[in-house]
Amino acid sequence: MQRHHRFRWSTTNILPLVADSYVVRESGALYQVRVKDTLALVYAGPGPVTVVRSNAPF
């Protein structure tokens with residue numbers, strides 16, 4: 001999950017599931033990232049936020 005800040009830097013958090021397992025919802029300037037199957041909240045706060053697949057071998 002990547003949070004993009006208006007000052008051109010981003011914060012990356014490694015999530016345990018594949019990118020397609022998450023849904024990102026926007027409500028004004030606030031974003032929520034939830035697990036699709038359980039609707040468990042992973043992140044809530046300022047955005048924008050994206051969930052991307054990493055090519056890292058872990």
Side-chain angles (χ1 to χ4, degrees):
M1 177 181 78
Q2 293 182 331
R3 291 179 283 162
H4 305 279
H5 302 279
R6 63 181 148 169
F7 300 112
R8 299 179 190 235
W9 56 275
S10 65
T11 303
T12 302
N13 297 77
I14 298 173
L15 300 174
L17 303 174
V18 296
D20 293 343
S21 299
Y22 300 94
V23 62
V24 178
R25 294 193 176 122
E26 176 185 358
S27 177
L30 298 179
Y31 285 70
Q32 288 186 345
V33 177
R34 292 184 177 267
V35 178
K36 282 184 182 177
D37 293 340
T38 63
L39 296 179
L41 185 63
V42 176
Y43 172 78
V49 175
T50 57
V51 177
V52 296
R53 183 183 180 277
S54 172
N55 292 327
F58 50 81

### Task
Could I get the full list of side chain to side chain contact (heavy atoms under 4.5 Å, CB included) partners for Thr38, not counting sequence neighbours?
Val35, Ala40
## Note on the structure
Taking every heavy atom of Leu15 against every heavy atom of Val51, the minimum-distance pair comes out as CD1-CG1, 4.5 Å
Run the side-chain donor-acceptor check on residues 16-23: report pairs under 3.5 Å with partners two or more places apart or on a different chain.
residue: Ser21; atom: OG; partner: Val18; partner atom: O; Å: 3.3
residue: Tyr22; atom: OH; partner: Leu17; partner atom: N; Å: 3.1

### Approximate separation, where rounding is to 0.5 Å, of Tyr43 OH and Gln32 CD
10.5 Å
